Enquirer: 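Just dropping this structure here.
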Amino acid sequence: MAEFLVLGAGMVGVSSALALQAQGHTVTLVDRTGAGLETSYGNAGIIQVEAAEPYALPREFSKLFNYLFEVSNDVTWRLNGVLNMAPALWSYLRHSAPQKHAQISKIYSQLTFRSTADHEELIRDSLSEDLIQRDGLAMFYRESDEFEKATQKAEFLRQEYGVTSRIVDGKAYQQEESALKAAPAGVVHFTQSWSCSSPGGLTQAYCELFVERGGSFVSGDANTLQHTVNGWSVLTSDGEREAEQVVIALGPWSPELLKRFGYQIPMVYKRGYHGHFAMPTHLNRPFLDTANGVLVAPMKQGLRITTGAALVPMDSPAETSQLVRGVKALNQLMDVGKQIEEPQWIGTRPCMPDMLPLVGEAPNHKGLWFHFGHGHQGFTLGPTTSALLMQAMNGESNELITALSPRERLL
């Protein structure tokens, strides 16, 4: 058995630490703050079995036009952000070609399909059942033609990947969801996905389970990582910690750290925002307002409304136009309520241009393992890709391990 450092205590990092621990390794989990306080804190909290196909960059001129001029609320952008990400965005566009995207989806769908099963044991062992709802995710369509396209897509997802759904007329769905004061044209209710009323809380519960099982969680600065004669070291609040091997699970901060070790990793940084609202009527299940690019989910803090993507530099100040626009549109469907006063949350989804996470050993360093780049699905896929990481460490080989391997994709 070996000693490991795991850098980053989001869902991916904590899941990595638990998986290593289950293999009998000695593990120190390191984060600059606490578990689940960054991107894992503020996401929409959905374990997305239905997300069998990763989000491609549209290639149709009409959709790109809507993005360019921000007609759509799905994406906003700033010139400096797009220029900084230009090589990664160009690669993203190429990988979004229909044939290539279909190949990627065959890999990706195998990950999302098992995601709830891979979370199940950790939910049970961390005593977190009270945070989980197994009632699916609804997709709202405001226009009849868009609803018709969505029903056809839902049938394709069922046949191709085994993703199940209900197709519901908008007025019929309104009878199920008393919070709605107006009906959408129609709803696709994906039935296999789960939701969590506190994604940060679930991540913290997994971390507490790791500590209860004998793991060490310390505060430290990942940027102090050094390659030593015996392995790796990092400075923590408890002094220098050393280990034979290290897992980089820092999400969007991973590429910057790895530049020091000679790795140039292209990444598309998709910023998101959320706000909480004191909705007067309880919402039964989360839904995506597809016309306005906002996902709505009941949380412990209130009704959480989460935005789409902002292509901006990591250090850009908060700009909540997508949230404001989305809330205005949602009030046509339901009474959102008053926004709860709190610090504005900002999170960044770390998206690889080929839409697959990097999972496996670094090409040029023994004992340096990559586990990041999950895009929109780090919360969904943390336990799943951690299991694959363990297989890679054990020398196993299969289609998924090869597809996610840094050695195959960075050389």
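Residue numbers run from 1 in the order of the sequence given. None of these values were measured; they are calculated from a predicted model. In what follows, every heavy atom counts, from backbone to side chain, and hydrogens, waters and symmetry copies are set aside.
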Enquirer: Please confirm whether the backbone N or O of G302 pairs with a side-chain atom of H276, one donor and one acceptor, at under 3.5 Å?
Expert: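 Absent.
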Enquirer: Rounded to the nearest 0.5 Å, how far does SG of C351 lie from CG of L311?
Expert: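 Here the interatomic distance stands at 9.0 Å.
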Enquirer: Any side-chain heavy atom of W345 sitting closer than 4.5 Å to one from E38?
Expert: no
Enquirer: With a 6.0 Å cut-off on the ring centroids, do H119 and W194 count as close?
Expert: no
Enquirer: Heavy atoms, side chains only, cut-off 4.5 Å: are R271 and T76 in contact?
Expert: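 The answer is no, as the side chains (C-beta and beyond) never meet within the 4.5 Å cut-off.
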Enquirer: Do N394 and Q23 pair up side chain to side chain, a donor and an acceptor below 3.5 Å, judged on atom types alone?
Expert: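 A pair is found: one side chain offers a donor N or O, the other an acceptor, under 3.5 Å apart.
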Enquirer: Tell me whether the guanidinium CZ or amine NZ of R59 lies under 6.0 angstrom from the six-membered ring centre of Y67 and within 45° of its axis.
Expert: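 Checked: cation-pi criterion not met.
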Enquirer: Within a strict 4.5 Å, meaning less than it, do heavy atoms of the L225 and I248 side chains meet?
Expert: yes
Enquirer: Would the distance check show the side chain of T224 and the main-chain N or O of L235 forming a donor-acceptor pair, the cut-off being under 3.5 Å?
Expert: yes
Enquirer: For F379 and H374, run ring pair (Phe, Tyr, Trp, His ring centres under 6.0 Å): C-alpha distance rounded to whole Å, both residues' side-chain angles, the deciding distance at 0.1 Å, then the answer.
Expert: CA-CA 9 Å; F379 185 74; H374 293 68; over 10 Å; no
Enquirer: Tell me whether Q103 at atom CD has more than 12 heavy atoms from other residues, nucleotides or ligands lying less than 6.0 Å away.
Expert: yes
Enquirer: Can you check whether L381 reaches I47 side chain to side chain, under 4.5 Å on heavy atoms?
Expert: no
Enquirer: Identify the heavy atoms of L283 and A179 that sit nearest to each other, and give their distance.
Expert: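 Where L283 meets A179 most closely, the heavy atoms are CD1-CB, 4.2 Å.
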Enquirer: In Å, rounded to the nearest 0.5 Å, how long is the span from CG of L20 to CG of L389?
Expert: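 Answer rounded to 0.5 Å: 6.5 Å.
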Enquirer: Take L111 and L388, measure what side-chain contact (heavy atoms from CB on, under 4.5 Å) needs, and give me the verdict at the end.
Expert: CA-CA 10 Å; L111 305 178; L388 291 170; 3.5 Å; yes
Enquirer: Is the shortest side-chain N to carboxylate O distance from R142 to D289 below 4.0 Å?
Expert: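 Salt bridge present between R142 and D289.
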Enquirer: If every non-hydrogen atom of P286 is compared with every non-hydrogen atom of L137, which pair is closest and at what distance?
Expert: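 What the structure gives for the nearest pair is O-CD1, 3.6 Å.
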Enquirer: Classify the side-chain pair D118/T384 by whether it contains a donor and acceptor separated by less than 3.5 Å.
Expert: yes
Enquirer: I'd like to know if R78 pairs up with E70 as an ion pair, taking the criterion as any Lys NZ or Arg NE/NH1/NH2 lying under 4.0 Å from an Asp or Glu carboxylate oxygen.
Expert: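 Yes, charged N to carboxylate O under 4.0 Å.
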Enquirer: Looking at every non-hydrogen atom in both residues, tell me the closest pair between G201 and L131 and how far apart they are.
Expert: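 Closest approach of G201 to L131, heavy atoms only: C-CD1, 4.0 Å.
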Enquirer: Rounded at 0.5 Å granularity, tell me how far CG in L333 sits from CG in N292.
Expert: 8.0 Å
Enquirer: Quick check for you: to the nearest 0.5 Å, what is the distance between I104 atom CD1 and S109 atom OG?
Expert: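 With rounding to 0.5 Å, CD1 (I104) is 11.5 Å from OG (S109).
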Enquirer: Can a donor-acceptor pair be found, under 3.5 Å and without considering hydrogens, that links the side chain of N331 to the backbone of V336?
Expert: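 Judged by distance alone, yes, a pair lies under 3.5 Å.
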Enquirer: Minimum heavy-atom separation for G13 to L29, with atom names?
Expert: O-CD1, 4.0 Å
Enquirer: Would R32 count as a cation-pi partner of W253, with NZ or CZ less than 6.0 Å from the six-membered ring centre and within 45° of the ring normal?
Expert: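 So R32 does make the cation-pi contact.
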Enquirer: Could you walk me through whether E53 and Y161 satisfy the side chain to side chain donor-acceptor pair (under 3.5 Å) test, starting with their C-alpha distance in whole Å, then the side-chain angles of each, then the deciding distance to 0.1 Å, before giving a yes or no?
Expert: CA-CA 9 Å; E53 297 185 335; Y161 309 115; 3.0 Å; yes
Enquirer: Would R285 and E176 pass as an ion pair if we require N to O under 4.0 Å?
Expert: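 Yes.
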Enquirer: Can you tell me if E155 and Q159 form a side-chain donor-acceptor pair at under 3.5 Å?
Expert: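 Side-chain D/A pair, E155 to Q159: present.
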Enquirer: Under a 4.5 Å cut-off applied to non-hydrogen side-chain atoms, are Y273 and E319 in contact?
Expert: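 In short, these two side chains touch, coming nearer than 4.5 Å.
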Enquirer: Donor-acceptor pair, distance only, cut-off 3.5 Å: does the side chain of H95 make one with the backbone of S91?
Expert: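 Checked: pair present.
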Enquirer: Please tell me whether Y206 and F210 form a close aromatic pair, meaning their ring centres lie under 6.0 Å apart.
Expert: no
Enquirer: Have R134 and S193 got a donor and an acceptor in their side chains that come within less than 3.5 Å?
Expert: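 The criterion, which ignores hydrogens and geometry beyond distance, is not satisfied for S193 and R134.
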Enquirer: For the pair L330 and V296, evaluate side-chain contact (heavy atoms from CB on, under 4.5 Å) and give the outcome as yes or no after the intermediate values.
Expert: CA-CA 9 Å; L330 284 170; V296 186; 3.5 Å; yes
Enquirer: Closer than 3.5 angstrom, by distance alone: can the side chain of D125 be matched with the main-chain N or O of L122 as a donor-acceptor pair?
Expert: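 Between the backbone of L122 and the side chain of D125 there is no qualifying donor-acceptor contact (under 3.5 Å).
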Enquirer: Kindly determine whether W77 and F69 satisfy ring pair (Phe, Tyr, Trp, His ring centres under 6.0 Å), including the steps that lead there.
Expert: CA-CA 9 Å; W77 60 280; F69 293 99; 8.6 Å; no
Enquirer: Where do Q152 and E148 land on the side chain to side chain donor-acceptor pair (under 3.5 Å) test, with the steps shown first?
Expert: CA-CA 7 Å; Q152 295 173 13; E148 178 60 29; 3.2 Å; yes
Enquirer: Counting only N and O atoms by type, is there a donor-acceptor contact under 3.5 Å from the side chain of S386 to the main-chain atoms of S16?
Expert: yes
Enquirer: Between H189 (side chain only) and A138 (backbone N and O only), is there a donor and an acceptor less than 3.5 Å apart?
Expert: no
Enquirer: Does the side chain of Q110 come under 3.5 Å of the side chain of E399 through a donor N or O and an acceptor N or O?
Expert: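 Yes, side-chain donor-acceptor contact under 3.5 Å.
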Enquirer: Is the number of heavy atoms from other residues, nucleotides or ligands under 6.0 Å of Q99 CD greater than 12?
Expert: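 It does not: Q99 CD has 12 such atoms or fewer within range.
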Enquirer: Testing the basics here: between L358 and P406, what is the closest heavy-atom pair and its distance to 0.1 Å?
Expert: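 Heavy-atom minimum between the residues: CD2-CA, 3.7 Å.
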Enquirer: Hey, is the main chain of V234 close enough, under 3.5 Å, to the side chain of Q226 for a donor-acceptor pair?
Expert: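 No.
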Enquirer: Under 6.0 Å from the NZ atom of K338, do we count more than 12 heavy atoms belonging to anything else shown?
Expert: no
Enquirer: Quick one: CE on M390 to OG1 on T385, what's the gap to the nearest 0.5 Å?
Expert: 9.5 Å
Enquirer: I'd like to know whether the aromatic ring centres of H376 and Y55 sit less than 6.0 Å apart in this structure.
Expert: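 Yes; Y55 has its ring centre under 6.0 Å from that of H376.
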Enquirer: Once rounded to the nearest 0.5 Å, what's the spacing between atom CD1 of I265 and atom CE of M352?
Expert: 6.5 Å
Enquirer: Taking it one step at a time, do D238 and T236 satisfy side chain to side chain donor-acceptor pair (under 3.5 Å)?
Expert: CA-CA 5 Å; D238 292 343; T236 76; 5.0 Å; no
Enquirer: Is there a donor-acceptor pair closer than 3.5 Å between any side-chain N or O of R114 and the backbone N or O of V49?
Expert: no
Enquirer: Could you check V294 against F287 for side-chain contact (heavy atoms from CB on, under 4.5 Å), going step by step and ending with a plain yes or no?
Expert: CA-CA 9 Å; V294 283; F287 72 86; over 6 Å; no
Enquirer: Using the rule given for side chain to side chain donor-acceptor pair (under 3.5 Å), can you reason through H274 versus T307, listing the C-alpha separation, both sets of side-chain angles and the distance that settles it, and then say yes or no?
Expert: CA-CA 6 Å; H274 78 217; T307 69; over 6 Å; no
Enquirer: Between R124 and E129, is there a salt bridge with N-O shorter than 4.0 Å?
Expert: no
Enquirer: Quick one: closest heavy-atom pair of S165 and A154, and the distance?
Expert: OG-CB, 3.6 Å
Enquirer: Are the side chain of W369 and the backbone of A362 linked by a donor-acceptor contact shorter than 3.5 Å?
Expert: no
Enquirer: F147 versus M139: any side-chain heavy-atom pair under 4.5 Å?
Expert: no
Enquirer: Flag the pair Q48 / Q377 as yes when at least one side-chain heavy-atom distance between them is below 4.5 Å, and no otherwise.
Expert: yes
Enquirer: Looking at side-chain heavy atoms only, is the closest gap between R325 and N73 below 4.5 Å?
Expert: yes
Enquirer: Relative to each other, are the rings of Y173 and F140 parallel, tilted or perpendicular (30° and 60° limits)?
Expert: perpendicular
